[in-house]
Amino acid sequence: MEDQCRQELKKREAEPGINIRKAVGSDAEEMFRLECLCFDIEAFSIEQLRYLIHTRTSIPLVAEFDEHFAGFVIGLTNRNRGGIYGRIYTLDVDPACRGKGIGMVLMSRVLEELKRAGCKKCFLEVKVENKSAISLYKKLGFEEKDTILDYYAKGVHAIKMKKDLKEPGR
């Protein structure tokens, strides 16, 4: 399955029009615009996004499609007694740009960056109702681990998902 995702990523990256780059502070307003388009009560504020862009352990990536700000992802590295792990804080794709593989490319790239940073696992939370995101994450090898009741707000639940990042056989 992971080889299939890598092949899809290579095909998408070869497709003209998709450019992935590191987010910078001046991207915060566009990121906030997309955050408001993509999420309701669980949307990050512009201040939170600025903080996440500049955090030392952050991996903020932007996707541009035909020179249009098409999406972004923010991953962070964390450490606990078990070692270094990654966490996806948000993935946003402009509704006008969906269906072009941008979410797959962003997630594949941030997962590679997390792996390079020494992360052995990656976690994320996703709204129970967000079936398209859950499907994408499963294609990338994430597994559902738990349901977290009232995670975003009262009555707004999340699924906690996990992916092992270590190479098979290691």
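Because only heavy atoms are used, hydrogens play no part in the values below, and waters and symmetry mates are left out as well, while side chains stay in.
With sequence neighbours excluded, no residue satisfies ring-ring contact (aromatic ring centres under 6.0 Å, His included) with F72. Partners of Y51 by side-chain hydrogen bond (donor to acceptor under 3.5 Å, both in side chains), not counting sequence neighbours: none found.
Connection of F69 to I59 is not established within any shared hydrophobic cluster, with ILVMFWY side chains joined at heavy-atom distances below 4.5 Å, either directly or through further cluster members. Hydrophobic clustering (ILVMFWY, side-chain heavy atoms < 4.5 Å, transitive): L111 and I74 are in distinct clusters. Note on L106 and M104: same hydrophobic cluster, where clusters join Ile, Leu, Val, Met, Phe, Trp and Tyr whose side-chain heavy atoms are under 4.5 Å apart, directly or indirectly. In terms of hydrophobic clustering, with Ile, Leu, Val, Met, Phe, Trp and Tyr side chains grouped at heavy-atom distances under 4.5 Å, L76 and V62 are assigned to a common cluster. Y89 and L91 fall into different hydrophobic clusters, where Ile, Leu, Val, Met, Phe, Trp and Tyr are joined by side-chain heavy atoms under 4.5 Å apart, directly or via other members.
Distance check: I159 CD1 to D146 CG gives 10.0 Å after rounding to the nearest 0.5 Å. Between C122 atom SG and F142 atom CZ the span is 4.0 Å, to the nearest 0.5 Å. Note that the CD1 atom of I53 and the NZ atom of K22 stand 9.0 Å from one another [nearest 0.5 Å]. In this structure, OG on S26 lies 10.5 Å from CE on M31, to the nearest 0.5 angstrom. Interatomic distance, F39 CZ to L34 CG, rounded to the nearest 0.5 Å: 10.0 Å.
A salt bridge between K115 and E112 is present, with a side-chain N of the basic residue lying under 4.0 Å from a carboxylate O of the acidic one. A salt bridge links E144 with K138: the distance from a Lys NZ or Arg NE/NH1/NH2 to an Asp or Glu carboxylate oxygen falls below 4.0 Å. Salt bridge annotation for E129-K131: absent, with no cationic side-chain nitrogen under 4.0 angstrom from a carboxylate oxygen.
A donor-acceptor contact shorter than 3.5 Å is absent between the side chain of S58 and the backbone of H54. E30 places no side-chain N or O within 3.5 Å of a backbone atom of D27 that could act as its donor or acceptor partner. Checked by atom type and distance alone, the side chain of H157 never pairs as donor or acceptor with a backbone atom of V128 at under 3.5 Å.
Contact of the L149 side chain with the T147 side chain is registered, since non-hydrogen atoms from C-beta on lie closer than 4.5 Å. When side chains are defined from C-beta on, K127 counts as touching D40, because their heavy atoms get closer than 4.5 Å. Taking the side chain as every heavy atom from C-beta outward, I20 and V105 approach each other to under 4.5 Å. You'll find the side chain of L114 reaches within 4.5 Å of the side chain of L165, heavy atoms only. Looking at heavy atoms from C-beta onward, F44 lies out of side-chain contact with F32 at the 4.5 angstrom threshold. In this structure, the side chains of K120 and D164 stay at 4.5 Å or more apart for every pair of heavy atoms. Considering only heavy atoms from C-beta on, L140 comes within 4.5 Å of M107 through its side chain. With contacts defined as side-chain heavy-atom distances shorter than 4.5 Å, the pair K162/K145 qualifies.
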Next item on the list: Determine, stepwise, if the pair F123 / K160 fulfils side-chain contact (heavy atoms from CB on, under 4.5 Å).
Entry: CA-CA 7 Å; F123 299 92; K160 184 171 194 85; 4.0 Å; yes
Checklist line | Residues V73, T90; criterion side-chain contact (heavy atoms from CB on, under 4.5 Å); working and verdict | finding: CA-CA 6 Å; V73 64; T90 190; over 6 Å; no
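Hydrophobic cluster membership of I84, counting Ile, Leu, Val, Met, Phe, Trp and Tyr whose side-chain heavy atoms lie under 4.5 Å apart directly or via other members: none, as it forms a cluster of its own.
Among pairs with a residue in residues 87-99, those fulfilling salt bridge (charged side-chain N to carboxylate O under 4.0 Å, His left out) read R33-D94, R87-E125, at least two apart in sequence or across chains. Screening residues 75-85 for side chain to side chain donor-acceptor pair (under 3.5 Å) gives no qualifying pairs among residues at least two apart or on separate chains. Among residue pairs with one or both ends in residues 48-64, those qualifying as salt bridge (charged side-chain N to carboxylate O under 4.0 Å, His left out) are R21-E64; sequence neighbours excluded.
The nearest pair of heavy atoms linking A70 to C97 is CB-SG, 3.7 Å. The shortest heavy-atom contact between E35 and A43 is OE2-CA, 3.4 Å.
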